[in-house]
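Reading through the structure tokens given below for one structure.
Chain A is the first sequence line, chain B the second, and so forth, proteins listed ahead of strands; every chain is numbered from 1. Here the structure is a predicted model, which means the values were calculated and not measured.
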There are 2 protein chains.
Amino acid sequence: MAKPEIHTMEELSAAIGVSRPTLSRYFQDPTKVSKSSVERIRRGLERVEYIPNFFATRMNRKTTGMIGVIIPYLNDLFFTRLLESIERAAMRAGYTVITQCSHSDPEIEARAAETFLSMNVDGAVVAPLGNHSDLKVYERLNARLPFVLMDSRPARLSGVDFVGTDHIQSTGLITEYLGRVGGPPVFLAMPRVNFNALEREVAYIAKMEELGLEPTIIGVDPLNAEGHFEAHGLAVLDRYFSKGDFINSSILCANDRVAIGALRAAAHHGLEPGSLRRGGLRIAGHDDYPLSQFMIPTLTTVAQNVEAIGQAAVDRLIEKLRVEKFQANQTVQLMDGVLKVRDSA
Amino acid sequence: MAKPEIHTMEELSAAIGVSRPTLSRYFQDPTKVSKSSVERIRRGLERVEYIPNFFATRMNRKTTGMIGVIIPYLNDLFFTRLLESIERAAMRAGYTVITQCSHSDPEIEARAAETFLSMNVDGAVVAPLGNHSDLKVYERLNARLPFVLMDSRPARLSGVDFVGTDHIQSTGLITEYLGRVGGPPVFLAMPRVNFNALEREVAYIAKMEELGLEPTIIGVDPLNAEGHFEAHGLAVLDRYFSKGDFINSSILCANDRVAIGALRAAAHHGLEPGSLRRGGLRIAGHDDYPLSQFMIPTLTTVAQNVEAIGQAAVDRLIEKLRVEKFQANQTVQLMDGVLKVRDSA
DNA sequence: CTCTATTCTTAACACGTGTAAAAACGTCTT
DNA sequence: AAGACGTTTTTACACGTGTTAAGAATAGAG
């Protein structure tokens, strides 16, 4: 049962009687070798245990066929969906994805970038950490690799390609909806862990002013550690609801995870947010988090087109690494959000 | 501003006046080099852009310092928590984690295993895909690497280390609790995507028989594609509730995601699951999914000790790769679940 | 100042595969 | 049978770093 283990192409060449360069070509692209040889090699490999050494192959090829992806954290289904869509798109294009998670730590993010450089990845896609991440890391990657930022965009960074949601549009859309069907919406901010947090605040204010309404923002000061969005939404609204504030308001949460905390706060105070009764409490979110449709009540939100963002990021990356050094001008792709009207607002 | 880019140690050696072998030792372990040289190298590296080539270093070292991790899917916070705890544990021990996601596809899982072998990872931790995954993949990894399975354990696989939750204990715990505070619990199964699905069913039946109660299992036939646990729970209970079945039962869901769907089904039918009223509908889950505490009502469940499982898996792996070929006997570590009594049951 | 221990440099080979050039082989056409 | 063409083999060098052996340089102790 135990096939003999073979560790080098040289040995394999001796074992199955095909020259090493032919084997090398076979493993890179079987069509580069005549059918008769392919057959001989196939049969040989069945009798023997051999895998080409990953490092040795990558070291000598001009292209490694790998793209590096960095996401800020894993415990968020939004990012895992994004990651999945990127992996699928990359797989379709024949690339291998190496994922690194920065765990909300700029140092880890910087180290991951170095790893990508030292691995000669063909390109890199990064979802930035946030305000406290080191912009030099992105500039460095952008200067040395085909590089695309996604999801959230540092304000003070120029010349870097970006793919994400148009928050002016998406946040404006739901702000307008809330203003139309209920009272003027209040914005429940999220901890400013990334640049989208602020972008959505700004978009909300702009839309409110356009509608001639007075913007109100609550929950800016983070009460919790980063990344605990639900706990943040719960804590902020629990305080307000305890004082009787906002119990009849339309509340637009900066994202669905905050909104889930908000729904919990409402339930805790016996409030039933919903669009049915005019004038009552309404709660809405942003992102269309996978669980939002199962919340009680189901959560009204704006869906980000995650699949399109992942696909576009990979497409743009591949476009860049094809033209090699032509350094085309900066591309910024902003996808529209889609309103998902459910029961909560 | 732009430092000169240096691509090899040879060039670096010439540029900063330190011999190549000394540089090699410096990058592997700076303490292997005298303080004066360390200082000279440090200063040199500040004036120059250089990163050792990842592949060339890994190819020649006997140990790569990498451990491979395979998880079945990303869009589940249970697995991302597990992954995070493994990454933390590995980082503490000085190892780099390479993650691959099998996307519920045995072929991708097998390919990931091959990749790990060809990368000469020092060890591998795998959360199995499920019934349809190829056991030979695990046997192969186990024969060639320090290897640990986690989370879910194939029944017909021997001699492989395992770390996971003791489902007899955990499921027994909540079954007993439900039986004590309410009517005899019904078990809402989950699609049998992994071995835990069946283990929990069996554990439920065993405990029920121990308690002298009649076990009832519903939702075994999956109505949905794999991985859509919430939709499964919702669909199954929606059917039953529509007919008036189980509306006053204690329902133990195979995991929290199923339970979230179950809560949604209850809400849809105007039912309010909870422990307050005797004799009414109760819903409980398993896992302590991160969002369970924010559900409406908050979800009663059994917490898996994810942090301990990740840590134990890494510990065991490191233990194995220290003793190298001593092939110690099989180790099976089962962690206890902890009851989390909340509002839903 | 010499002796010894440490650390460094030099030189060389190793790892496993990519790749190029030239020679050898096979098959098909004429 | 000769020629043309495509494929394979042979041979050799390349990639960037690990690693070793021998000798040179340096430091500290006496």
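- In this structure, the CE atom of A:Met119 is 17 Å from the P atom of D:dG16, given to the nearest Å.
- At a threshold of 4.0 angstrom between heavy atoms, the contacts of A:Tyr26 with the nucleic acid are absent.
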Protein-to-nucleotide contact annotation, 5' to 3' order, nucleotides 5-15 of chain D [B base; S sugar-phosphate only; - none; under 4.0 Å, heavy atom]
--SBBBBB--B
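- In this structure, A:His7 places its NE2 atom 19 Å from P of C:dA14, rounding to the nearest Å.
- Nucleotide D:dT19 holds its P atom 11 Å from the CE atom of B:Met9, rounded to whole Å.
- Contact check on A:Glu307 versus A:Arg81 returns no salt bridge, with no Lys/Arg side-chain nitrogen under 4.0 Å from an Asp/Glu carboxylate oxygen.
- When rounded to the nearest whole Å, the span between CG of A:Asp29 and P of C:dG18 equals 12 Å.
- Here the P atom of nucleotide D:dG16 and the CD1 atom of B:Ile51 are 14 Å apart, to the nearest Å.
- With the end axes of the helix from C:dC1-D:dG30 to C:dT30-D:dA1 each set by five pairs, the angle from one to the other reads 20° at 10° resolution.
- The residues A:Arg111 and A:Glu114 are annotated as not salt-bridged, no charged nitrogen and carboxylate oxygen being separated by less than 4.0 angstrom.
- Between A:Glu319 and A:Arg316 a salt bridge is recorded (basic side-chain N to carboxylate O distance below 4.0 Å).
- At a threshold of 4.0 Å, the pair B:Glu46-B:Lys3 does not count as salt-bridged, since none of the basic side-chain nitrogens sits closer than that to a carboxylate oxygen.
- Nucleotide C:dA14 holds its P atom 13 Å from the CD atom of A:Glu10, rounded to whole Å.
- When the salt bridge (charged side-chain N to carboxylate O under 4.0 Å, His left out) test is applied to A:Glu107, no partner is found at least two apart in sequence or on another chain.
- The cationic group of B:Arg58 does not satisfy the cation-pi geometry with A:Phe55, failing either the under 6.0 Å distance to the six-membered ring centre or the 45° limit from the ring axis.
- Between A:Gln28 and C:dT17, a side-chain N or O to OP1/OP2 separation shorter than 4.0 Å is absent.
- Of all heavy-atom pairs spanning B:Ile108 and B:Cys101, the tightest one is CG2-O, 3.7 Å.
- Between B:Phe147 and B:Tyr138, the ring planes are parallel. Angles under 30° get that label, and only those over 60° would be called perpendicular.
- Between the side chains of B:Ser19 and B:Thr22, at least one donor N or O lies within less than 3.5 Å of an accepting N or O.
- We find that CZ of B:Phe27 is positioned 9 Å from P of D:dT17, with the value rounded to whole Å.
- Residue A:Arg61 contributes atom CZ, which lies 16 Å from atom P of D:dG16 at whole-angstrom precision.
- One finds no side-chain N or O of A:Thr57 lying less than 4.0 angstrom from the OP1 or OP2 phosphate oxygen of C:dT17.
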